[in-house]
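Take a look at the structure below.
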Amino acid sequence: MRRLAVGLLVLSALAGCPRKDVRAPEPAPPPSPAAEASAAQAPGAILFFSADVRGYLGPCGCSENMRGGIARAAFQVREARQGALPVLFVDGGDSLFGEPHLKPEQVPQEERKARALAEAYRDMGLAVRAVGELDDTRGAGFRQSLGLPELASGAVKVLPAGARKVGLVSASASAGLVQGAARARAAGATFVVGLFRGTLAEAQRAVSSSAAGVDLVIATHTASEFDGEQNTLTRDAVPVVAMQSKGRSLLRVDLTYGPTPGPFTQQRTAEDSEREVTSLDRRLALMDAEINRPGIDPQLKALKQDKRTELAARRQALLTAPLTPTGDGDGFAVRFVPLESTLPSDPQVQAVVNAYDADVGKMNLEWARAHGQDCPAPAQGQAAFVGSAACAECHAETLPVWEGSKHHQAWKTLEDVGKQFHLNCTGCHVTGWQQPGGVCRLDKVAGRENVGCESCHGPGSLHVEDPSPTNVIAQPGQAVCVTCHNPENSPHFDFATYLPKVLGPGHGTARGVKQ
């Protein structure tokens with residue numbers, strides 16, 4: 001995307017007006033008559049679906065081998081289009097934003113991110129996207145200004161897909177699926193997908209209560225931020241799918257057509273192939289846990305990473321291999337495509353992500369300077385943050401332990417990738433972020449960088465004045481750690497394994513005892 005100067009971006013954000021997209025979608029060159037005729041008679045099609053992306057352009061990068069990234073998704077779609085079959089990309093909604101309400105300081109970043117996602121979708125040739133509640137976090141007007149092809153709740157869209165037509169139904173109840181499927185089939189659709197605005201369990205109930213009339217249902221909603229951790233496919237009469245949230249996987253549906261149109265039957269991939277994919281999934285999960293183990297030898301880690309890359313490539317080949325039709329009728333097969341860190345990224349969409357990264361930190365910093373407010377003072381009698389240097393005055397023997405830990409390098413890890421002013425990252429890399437007496441402004445982080453003593457032990461002003469184990473968190477438990485080491489940022493976190501890496505003589509172990 002050809003960007004306006006950062007200053008214009010900032011002025012637009014500060015003015016509170018939605019910035020118009022700076023580049024209109026570039027129309028693709030019209031296909032030749034011969035190509036159109038060939039596509040219209042194609043003996044199958046490939047459908048890609050995303051859903052519940054929640055405003056994620058990519059993973060945070062806090063752990064090794066994190067899945068996700070819109071640029072990786074774009075590569076999968078573009079690569080499939082190199083083949084002979086038509087390809088449709090559909091989004092199920094709840095993709096533009098990650099939460100229903102934003103604080104004022106979040107608005108510039110989140111609107112900029114939504115525009116980047118919209119541009120990526122256009123580059124991917126988005127056919128249509130359902131509208132979810134999270135898409136309206138900044139209002140329907142902002143959503144519509146993005147210019148994406150939308151499917152409102154209760155609406156139906158029928159799209160050509162080679163020699164057949166595909167129907168898409170947006171619904172939030174069983175009756176909506178039934179009515180929408182009937183309308184789609186009346187318009188010529190022979191394969192109908194329900195984009196169900198609900199959880200996996202709700203979608204299962206919706207299709208079990210009646211003859212829904214759809215061939216496949218995608219549950220596009222999760223009950224909470226951390227509910228969408230797994231890809232799930234039910235083997236019911238009407239299969240129901242739930243994708244891993246936050247853009248970590250795509251759903252691929254391969255359609256194969258027989259000599260004459262007829263009801264679609266679910267086609268399972270070859271049994272030996274399914275077994276191998278399942279086995280590779282397990283091996284990759286175990287290898288990820290080993291690679292992310294604190295203190296792993298660097299050479300061993302490199303060897304395991306090479307092996308993991310090989311396993312991921314083998315699984316990817318199985319998941320994207322063309323399917324052989326079984327029987328003479330119409331069939332479909334459902335496969336998840338995890339967007340592994342070792343998969344390629346589409347250069348055009350990666351450029352969109354890079355432009356966002358370059359812009360947003362400057363926007364956030366400028367917003368903080370113009371509108372930021374300091375954190376409120378602690379209530380009377382409550383402790384305030386004093387900084388790790390104050391702690392070191394009495395706990396000098398523990399300072400080297402902290403300095404040797406990754407906690408001491410937390411801010412630098414953001415600086416190394418240019419994300420020190422990204423609001424999604426700051427809270428877990430600064431001490432006392434958004435807490436009374438702590439840091440509430442990006443332009444006033446100095447002196448509070450890194451995961452300091454008070455990140456785990458709590459604000460220390462009362463303890464400095466009157467050293468006592470009762471006015472500080474003497475032994476922080478797992479509940480403190482998982483505020484940052486959560487399933488998203490630290491999916492392999494194990495309290496018993498990680499804890500020893502931040503302990504040492506005079507800091508959780510007896511003096512003179514090496515950890």
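Residue numbers start at 1 and run along the sequence shown.
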[X] side, atom [atom1]; [Y] side, atom [atom2] - distance, nearest 0.5 Å:
| X | Y | atom1 | atom2 | value |
| --- | --- | --- | --- | --- |
| Ser63 | Asp288 | OG | CG | 9.5 Å |
| Gln144 | Asp135 | CD | CG | 11.5 Å |
| Arg293 | His492 | CZ | NE2 | 13.0 Å |
| Ile70 | Ser50 | CD1 | OG | 6.5 Å |
| Thr426 | Asn364 | OG1 | CG | 7.5 Å |

Check [X] against [Y] and note the closest heavy-atom contact, atom names and distance.
| X | Y | value |
| --- | --- | --- |
| Asp346 | Ala74 | CB-CB, 3.7 Å |
| Arg335 | Thr320 | NH1-N, 4.0 Å |
| Pro294 | Thr497 | CD-CG2, 3.9 Å |

- request: Could you check Thr431 against Ser455 for side-chain hydrogen bond (donor to acceptor under 3.5 Å, both in side chains), going step by step and ending with a plain yes or no?
  value: CA-CA 5 Å; Thr431 301; Ser455 295; 3.2 Å; yes
Would the distance check show the side chain of [X] and the main-chain N or O of [Y] forming a donor-acceptor pair, the cut-off being under 3.5 Å?
| X | Y | answer |
| --- | --- | --- |
| Ser170 | Val131 | no |
| Asp94 | Arg54 | no |
| Ser249 | Phe336 | no |

Hydrogens and angles aside, do [X] and [Y] bring a side-chain donor and acceptor to less than 3.5 Å of each other?
| X | Y | value |
| --- | --- | --- |
| His507 | Thr398 | no |
| Gln244 | Asp52 | no |
| Glu64 | Asn292 | no |
| Asn65 | Gln305 | yes |
| Asn471 | His463 | yes |
| Tyr498 | Gln478 | no |
| Asn354 | Gln350 | yes |
| Gln409 | Glu449 | no |

Determine, for [X] against [Y], whether the closest basic-nitrogen to carboxylate-oxygen distance falls under 4.0 angstrom.
| X | Y | value |
| --- | --- | --- |
| Arg369 | Asp443 | no |
| Lys301 | Asp297 | no |
| Arg122 | Glu119 | no |
| Lys113 | Glu110 | yes |

Query raised in the report: Are more than 12 heavy atoms from other residues, nucleotides or ligands located less than 6.0 Å from atom NZ of Lys157?
Result: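 No, because the 6.0 Å sphere around NZ of Lys157 holds 12 heavy atoms or fewer from other groups.
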Review point. Hey, do the aromatic rings of Trp402 and His408 have their centres closer than 6.0 Å?
Key: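 They qualify: ring centres under 6.0 Å apart.
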Check your understanding: Taking the six-membered ring where the residue is Trp, are the ring centres of Tyr121 and Phe89 under 6.0 Å apart?
Key ->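 Ring-ring flag for Tyr121/Phe89: true, centres closer than 6.0 Å.
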**Asked** According to the interplanar angle, ranging from 0 to 90°, do the rings of His422 and Tyr356 count as parallel (below 30°), tilted (30 to 60°) or perpendicular (above 60°)?
**Response**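 Rings of His422 and Tyr356: perpendicular, over 60°.
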Practice task
Look at the rings of Phe142 and Phe97 and say which category their plane angle falls in: under 30° parallel, 30 to 60° tilted, over 60° perpendicular.
Solution key: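 Taking Phe97 first and then Phe142, their aromatic rings sit tilted (interplane angle of 30° to 60°).
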Tell me every residue that passes salt bridge (Lys or Arg N to Asp or Glu O under 4.0 Å) with Glu340, counting only those two or more places apart in sequence or in another chain.
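By the salt bridge (Lys or Arg N to Asp or Glu O under 4.0 Å) rule, Glu340 matches Arg67, Arg308, Arg315.
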Handout entry: With Arg143 via salt bridge (Lys or Arg N to Asp or Glu O under 4.0 Å) - residues at least two apart
Key =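 Per chain and number, Arg143 pairs via salt bridge (Lys or Arg N to Asp or Glu O under 4.0 Å) with Asp136, Glu150.
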By side-chain hydrogen bond (donor to acceptor under 3.5 Å, both in side chains) - contacts of Glu229 (at least two apart)
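Partners of Glu229 by the side-chain hydrogen bond (donor to acceptor under 3.5 Å, both in side chains) criterion, ordered by chain and then number, come out as Arg248.
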_Within the structure provided, determine whether Phe48 and Leu88 are in side-chain contact (heavy-atom separation under 4.5 Å)._
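With C-beta onward as the side chain, the pair stays apart.
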>> Taking the side chain as everything from C-beta on, heavy atoms only, tell me whether Cys484 gets closer than 4.5 Å to Ser490.
In response: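 They are not in side-chain contact.
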task = Go through Asp227 and Ser224 one step at a time and tell me if the side-chain hydrogen bond (donor to acceptor under 3.5 Å, both in side chains) criterion holds.
result = CA-CA 5 Å; Asp227 280 352; Ser224 69; 3.1 Å; yes
**Request:** Please state whether the sulfur gamma atoms of Cys428 and Cys62 sit closer than 2.5 Å to each other.
**Result:**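 The sulfur gammas are not closer than 2.5 Å, so no.
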**OP:** Report the C-alpha separation of His101 and Thr137 in whole Å, then their side-chain angles, then the decisive distance to 0.1 Å, and conclude whether the side chain to side chain contact (heavy atoms under 4.5 Å, CB included) test is met.
**Re:** CA-CA 6 Å; His101 306 289; Thr137 294; 6.0 Å; no
